[in-house]
Every structure is written in C-alpha cells, then in structure tokens.
Participant: 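Here you go, one structure.
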Amino acid sequence: MDARALIEEFNAAWLRGDLAAVSACLAEDVAYCPNAWDGPAGTVRGRAAVAEVFAGQLGPGDGPALGAVWATGDRAVCEWAWPPAEDGTVLRGLDVYRVRDGRIVAKDVFGKITS
C-alpha cells in the first residue's frame, strides 16, 4: 500500500472511531509527536502506547475536519482544522507522516491558531 492510501485508510478509521483499524495502520515501533502548546513536545513510542493516546482523541463528534492528503515516497502530509472557537480563531495544522512497509512509523503534528 502506498503512503497516500495508508493515510487515507488511517483517517477514515480515525473518523469512524475504529481504534483497532487505526492501530493496524501503525508500525510496532511507531513514534508519535503531538503539537506542544505549553512547552517541549514529548514523543510517544510503540504501537500500544500510541494507541492508548489515540483512544482518547478519535471518533465521531467534535474534532478536526481532515483535509487532503499529499504523499511522495515514504512521506505523507494531511491538513486539518478545528471548527472556529467562540472568538473566531481556528486551530489548523498539518500531520506529517513517515511510512515503512505499509505502516505508519512516525506521525508528527504541527498546528497554529489563526483568526
């Protein structure tokens, strides 16, 4: 499976709230580095640990709208944006993925707040 198809499969499972399918897209040695708002970003390592973090984030309901996926070789990028806050600001950003052997080996999140 190419990087774009893998991330599109991952995103679809994320939106369904299907933790098993999300986890199946991850390599055993995956590294996840979320966006950091209040200090240095920490990295979570390993499929089980990353799936535990994701369990509290995915699923239907309030969450970001996932945008287009671009990919080349073993790299992929996906845009996302949260609905506007009460003050009109929008949290939007990019997830940057690295893929190996049909699985996600790294997910790095970058975000910013815009008005």
Participant: Hey, are the side chains of C78 and L94 touching, using non-hydrogen atoms and a 4.5 Å cut-off?
Facilitator: no
Participant: So, taking the atom named CG in L19 and the one named CD in Q57, what distance separates them when rounded to the nearest 0.5 Å?
Facilitator: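 Here the rounded value is 11.0 Å.
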Participant: If you take all heavy atoms of A3 and A71, which pair is closest and at what distance?
Facilitator: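 Scanning both residues, the minimum pair turns out to be CB-CB, 4.0 Å.
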Participant: Taking the side chain as every heavy atom from C-beta outward, state whether E79 and W70 have any pair of such atoms under 4.5 Å apart.
Facilitator: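 In short, these two side chains touch, coming nearer than 4.5 Å.
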Participant: Tell me the closest heavy-atom pair linking F54 and V22, and the distance in Å.
Facilitator: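 Shortest heavy-atom separation between F54 and V22 comes out as CD1-CG1, 3.8 Å.
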Participant: Search all heavy atoms of V109 against all heavy atoms of W80 and return the closest pair with its distance.
Facilitator: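 Shortest heavy-atom separation between V109 and W80 comes out as CG1-CZ2, 3.8 Å.
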Participant: When hydrophobic residues are tied together by side-chain contacts of less than 4.5 Å, even through go-betweens, does V53 share a cluster with W82?
Facilitator: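 They do share one cluster, since a chain of ILVMFWY contacts under 4.5 Å joins V53 to W82.
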Participant: Determine the minimum heavy-atom distance between A106 and V30, stating which atoms define it.
Facilitator: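 Heavy atoms only, the tightest pair is N-CG2, 4.2 Å.
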Participant: Search all heavy atoms of V105 against all heavy atoms of A27 and return the closest pair with its distance.
Facilitator: CG1-CB, 3.5 Å
Participant: Say whether V77 and V99 are linked into one hydrophobic cluster, either directly or through other cluster members, by side-chain heavy-atom distances under 4.5 angstrom.
Facilitator: no
Participant: Is a salt bridge present between R98 and D74, judged by a nitrogen-to-oxygen distance below 4.0 Å?
Facilitator: no
Participant: Any non-hydrogen side-chain atom of N11 less than 4.5 Å from a side-chain atom of V69?
Facilitator: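 Yes, close enough: below the 4.5 Å cut-off.
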Participant: Scan R103, R100, R47 and name whichever one has a salt bridge (Lys or Arg N to Asp or Glu O under 4.0 Å) with E28.
Facilitator: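 The single option meeting the salt bridge (Lys or Arg N to Asp or Glu O under 4.0 Å) with E28 is R47.
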Participant: Using 0.5 Å steps for rounding, measure from the CG atom of L66 to the CD atom of E8.
Facilitator: 11.0 Å
Participant: Pair L6, R4 - check side chain to side chain contact (heavy atoms under 4.5 Å, CB included), show working.
Facilitator: CA-CA 5 Å; L6 174 63; R4 181 177 177 176; over 6 Å; no
Participant: Mind checking whether V96 and W14 sit in one hydrophobic cluster, side chains of I, L, V, M, F, W, Y counted as touching below 4.5 Å?
Facilitator: no
Participant: Is it true that, when you exclude D101 itself, more than 12 heavy atoms of the residues, nucleotides or ligands shown sit nearer than 6.0 Å to its CG?
Facilitator: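 Counting other residues, nucleotides and ligands, CG of D101 stays at 12 neighbours or fewer.
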Participant: First locate atom CG of N35, then atom CG of D95, and finally report the distance between them rounded to the nearest 0.5 Å.
Facilitator: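 So the gap between those two atoms works out to 9.5 Å.
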Participant: Given side chains that start at C-beta, do those of K107 and C33 come closer than 4.5 Å, heavy atoms only?
Facilitator: no
Participant: Taking L15 as the starting point, is it possible to reach Y32 by hopping between hydrophobic residues whose side chains are less than 4.5 Å apart?
Facilitator: yes
Participant: Decide yes or no for R45 and T43: does some side-chain heavy atom of the first lie under 4.5 Å from some side-chain heavy atom of the second?
Facilitator: yes
Participant: State whether the side chain of T89 and the backbone N or O of A85 hold a donor-acceptor pair below 3.5 Å, judged by distance alone.
Facilitator: no
Participant: Show the nearest heavy-atom pair for residues F10 and I104, with the distance to one decimal.
Facilitator: CD1-CD1, 3.6 Å
Participant: Nearest 0.5 Å, please: how far is CG in D87 from OG in S115?
Facilitator: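 The CG atom of D87 is 9.0 Å from OG of S115, to the nearest 0.5 Å.
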